[in-house]
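Just below is one structure, and these are the notes that go with it.
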Amino acid sequence: MAACPFGVLMVGSYPGGQRANVGVPRKPHGCPGGKRVRVESTPRAIAPEDAVQPDPPHYPLFVVITHALNILFLLMLGRSGLGVLSSFPKLYWNDGCPPGREWARFSRRAYGADSRRPWTSLDEEESWNPVVTMPGGKNLGLSRHWHFMTLHFWIATGLVYLALVFISGYWIYLVPTSWSLVPDAIETIGTYLHFELPEPLPGQPFNATQKLAYFSVVFLLAPLQIATGAAMSPSVIARFPWYAKIFGGKQGARSIHFLGICAFVGFVLVHTLMVVLHGLPKGLAKIILGSEQASHTLAVAIGSAVLFAIVVIHVLLTMFARLRPRTTQHLLGYVVAPFEGGLSRIFTSHQRYRRSDVSGYHRVNGYPPVDPGYEQMAADGFRDYRLPVGGLVENPVSLSLPRLRELGWATQITNHNCIQGWNSIAEWAGVPLGALLDLVKPRPEVTHVVFYAMDDKGLTEGEGRYGYYYEALPIFLARRTQSLLALEMNGGPLPIEHGAPLRVRVETQLGYKMVKWIKVVEFVDGVSAIGLGQGGYREDQLYYANAAAI
Ligand SMILES: Nc1nc2c(c(=O)[nH]1)N[C@H]1C(S)=C(S)[C@@H](COP(=O)(O)O)O[C@H]1N2
Ligand SMILES: [Mo]
């Protein structure tokens with residue numbers, strides 16, 4: 001049985017492979033109908049032509065390698081995912097995330113919609129231990145980078161695995177081909193509950209419960225995690241609002257995504273326990289060395305070394321991310337930014353929510369400016385407010401609010417997605433950014449439009465961060481429909497906390513790109529000379545990605 005593991009890469013090595021189509025009687029790999037039958041005879045008795053070929057190994061090399069990679073990547077996805085969760089450790093079934101209506105909260109602090117002390121959503125962030133989260137602490141930006149970077153590799157591993165599973169015919173061990181597997185699986189669980197080890201299905205490596213469990217994880221749970229993950233991307237659900245609705249909205253998708261990881265963890269615990277119960281050294285010998293007769297010591301040594309290497313990789317990557325956050329942001333950005341930038345380019349916003357969809361409560365992120373100049377202006381209803389628009393343009397201007405309104409007007413009911421995970425639906429009205437571009441005429445070399453705000457974060461946010469808020473938008477986003485300079489929210493003037501007198505709306509992007517309390521607009525041919533040069537305040541100070549599509 002210790003055949004060369006490479007042999008299985010040949011098409012038709014398994015009963016599910018193409019050989020079954022050439023007239024050779026199939027092995028009785030299907031499930032024994034109805035009652036549990038222990039088929040003692042080997043497949044040889046039924047298909048004597050097969051006798052010349054050795055049985056394909058039950059754990060071919062590709063299964064062993066992809067399984068090890070899967071441990072590495074799932075652990076990274078899980079830890080970085082928990083890092084993302086820690087920045088908004090609450091789960092909801094309803095979009096809008098009304099404070100106090102969460103079905104799960106992993107934080108001692110609760111915030112009420114009617115709290116007398118003003119609070120912003122960054123106050124809801126928790127700092128979790130780096131043993132649990134990647135890279136630990138309040139590091140949403142880097143957790144997301146690790147999550148999305150790993151996602152690429154995890155999906156690639158999964159695709160290679162699936163391709164080999166189908167090419168080699170191995171799928172027959174994973175995919176149920178008869179309903180009788182279900183009663184068989186129930187019977188098998190009964191056997192386990194009697195503290196006995198059930199027999200595998202005849203001619204197959206797994207028993208009925210294992211087969212159903214592995215099938216569910218590979219073909220249902222993993223795709224569900226990817227599908228619910230995509231339903232949290234602001235670009236995806238701005239383009240296809242119906243898609244999030246499949247999961248009951250973005251918060252439904254977020255909750256299911258979390259329950260999915262709980263299912264993964266549950267599966268891993270039971271799976272590991274079962275491997276141990278079935279005899280770990282024996283199992284490892286069979287999996288790694290291809291035969292139960294092979295050296296158990298060697299198999300355990302190799303297995304432990306692989307696990308140890310996975311732990312070391314995690315420790316090193318976590319330490320690296322914490323010691324060199326800027327380098328990590330840049331390195332992971334090479335993988336993640338093209339993906340996010342591509343989504344931003346492809347997807348335009350097609351949102352048309354109804355008035356009745358508008359959320360009753362809309363969170364605030366970022367405390368309003370505290371300087372007396374702003375307060376004075378607000379007290380006067382922003383009568384003296386002027387918006388200077390300049391930089392690399394043909395026609396620099398300085399606009400009063402009434403003059404700005406004359407440029408054009410649009411109204412939209414859209415979904416706001418904060419990077420932390422909450423969302424809210426609101427009606428926004430204001431001047432299309434495209435109309436401003438038509439007026440000032442950016443020069444051909446312009447790559448970004450930068451919005452500078454009036455809130456000095458050193459005064460309002462603290463935690464060692466400093467500087468005025470600003471964000472740079474790629475110029476192509478400014479020309480999109482539903483890209484606005486909003487002056488109104490939910491039918492009234494823009495409230496102070498939501499950015500009065502003027503804020504940006506770019507409906508395929510995350511909230512941090514939508515600058516509130518705009519002071520100046522500048523058209524530029526690069527962002528490296530602005531702030532710390534990363535493309536925005538949150539990119540500079542919190543290591544967020546400068547593309548904000550997922
Ligand atoms: N000037 C300024 N604009 C800002 C912020 C800020 O702190 N300062 N926070 C951003 C973030 S992270 C989000 S999610 C949205 C929140 O918009 P809201 O407060 O209207 O919900 O504003 C964005 N615009
Ligand atoms: Mo945000």
Side-chain angles (χ1 to χ4, degrees), residues 84 87-88 90 95-99 111 113 118-125 138 140-141 143-144 232 234 250 358-371 374 378 387 412-430 450-463 465-473 483-490 492-521 531 535-546 548-550:
V84 174
S87 81
F88 187 59
K90 294 156 198 184
D95 278 1
C97 311
Y111 290 86
W119 53 279
T120 85
S121 70
L122 264 184
D123 298 335
E124 295 177 89
E125 261 193 339
K138 290 187 177 179
L140 171 62
S143 291
R144 281 170 49 95
M232 289 187 266
K250 168 165 174 154
V358 169
S359 305
Y361 181 80
H362 197 299
R363 270 181 175 65
V364 169
N365 203 356
Y367 289 102
V370 288
D371 64 288
Y374 178 80
L387 177 69
Q412 61 205 34
I413 302 179
T414 51
N415 177 14
H416 176 98
N417 298 275
C418 174
I419 189 171
Q420 288 175 261
W422 56 270
N423 73 327
S424 265
I425 293 167
E427 183 182 86
W428 305 96
V450 189
F451 300 91
Y452 299 91
M454 297 185 257
D455 51 326
D456 179 348
K457 290 302 215 178
L459 300 176
T460 61
E461 209 167 274
E463 299 206 15
R465 300 191 283 269
Y466 56 89
Y468 284 90
Y469 198 89
Y470 78 95
E471 287 290 335
L473 275 188
S483 290
L484 288 190
L485 284 177
L487 292 108
E488 292 182 5
M489 178 185 185
N490 293 336
L494 197 59
I496 297 282
E497 63 274 20
H498 291 293
L502 205 57
R503 65 134 357 128
V504 182
R505 298 296 314 168
V506 260
E507 302 296 356
T508 58
Q509 303 290 296
L510 290 168
Y512 67 90
K513 283 291 179 189
M514 304 186 212
V515 175
K516 308 193 280 188
W517 313 295
I518 301 174
K519 183 176 193 154
V520 176
V521 180
Y537 173 86
R538 298 241 189 260
E539 291 91 323
D540 286 348
Q541 304 277 336
L542 294 172
Y543 309 102
Y544 290 1
N546 61 19
I550 48 180

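Counting starts at 1 for both ligands and their atoms, following the listed order. Basis for what follows: all heavy atoms, side chains included, without hydrogens, waters or symmetry-related copies.
- Residues Glu124 and Gln420 have side chains that never bring a donor and an acceptor to within less than 3.5 angstrom of each other.
- Residue Val515 has at least one heavy-atom neighbour below 4.0 Å for each of these atoms of ligand 1: 3 (N), 24 (N).
- In summary, the atoms of ligand 1 found under 4.0 Å from a heavy atom of Ala453, numbered by their order in the structure, are 1 (N).
- Contact annotation: for Glu461 versus ligand 1, there are no heavy atoms closer than 4.0 Å.
- Taking every heavy atom of both residues into account, Glu539 and Tyr544 meet most closely at CG-O, 3.4 Å.
- Proximity of Met514 to ligand 1, defined as any heavy-atom pair under 4.0 Å, is confined to the backbone N, CA, C and O atoms.
- At a heavy-atom distance under 4.0 Å, only side-chain atoms of Tyr469, from C-beta outward, approach ligand 1.
- Ligand 1 has no atom lying under 4.0 Å from any heavy atom of Gln420.
- Rounded to the nearest 0.5 angstrom, His416 NE2 and Leu510 CG are separated by 8.5 Å.
- When only non-hydrogen protein atoms are considered, atom 8 (N) of ligand 1 lies nearest to Asp455 OD2, 2.8 Å.
- Atoms CG and OG, on Asn415 and Ser359 in that order, are 7.5 Å from each other to the nearest 0.5 Å.
- A donor-acceptor contact closer than 3.5 angstrom is absent between the side chains of Asp455 and Tyr374.
- Residue contact check for ligand 1: Met489 places no non-hydrogen atom closer than 4.0 Å to it.
- Residue Lys516 holds the heavy atom nearest to atom 19 (O) of ligand 1 of all those in Glu497, His498, Lys516.
- Ligand 1 has no atom lying under 4.0 Å from any heavy atom of Tyr452.
- Atom 21 (O) of ligand 1 has as its closest protein heavy atom Arg363 O, 2.6 Å.
- Ligand 1 places these atoms under 4.0 Å from at least one heavy atom of His362: 21 (O).
- Scanning both residues, Gln412 and Arg505, for their nearest heavy atoms gives NE2-CB, 4.1 Å.
- Heavy-atom proximity to Cys418, at under 4.0 Å, picks out these atoms of ligand 1: 14 (S).
- More than 12 heavy atoms of other shown residues, nucleotides or ligands fall within 6.0 angstrom of atom OH in Tyr361.
- Ligand 1 lies less than 4.0 angstrom from a heavy atom belonging to Arg503.
- Of all heavy-atom pairs between Pro99 and Ala113, the closest is CB-N, 3.8 Å.
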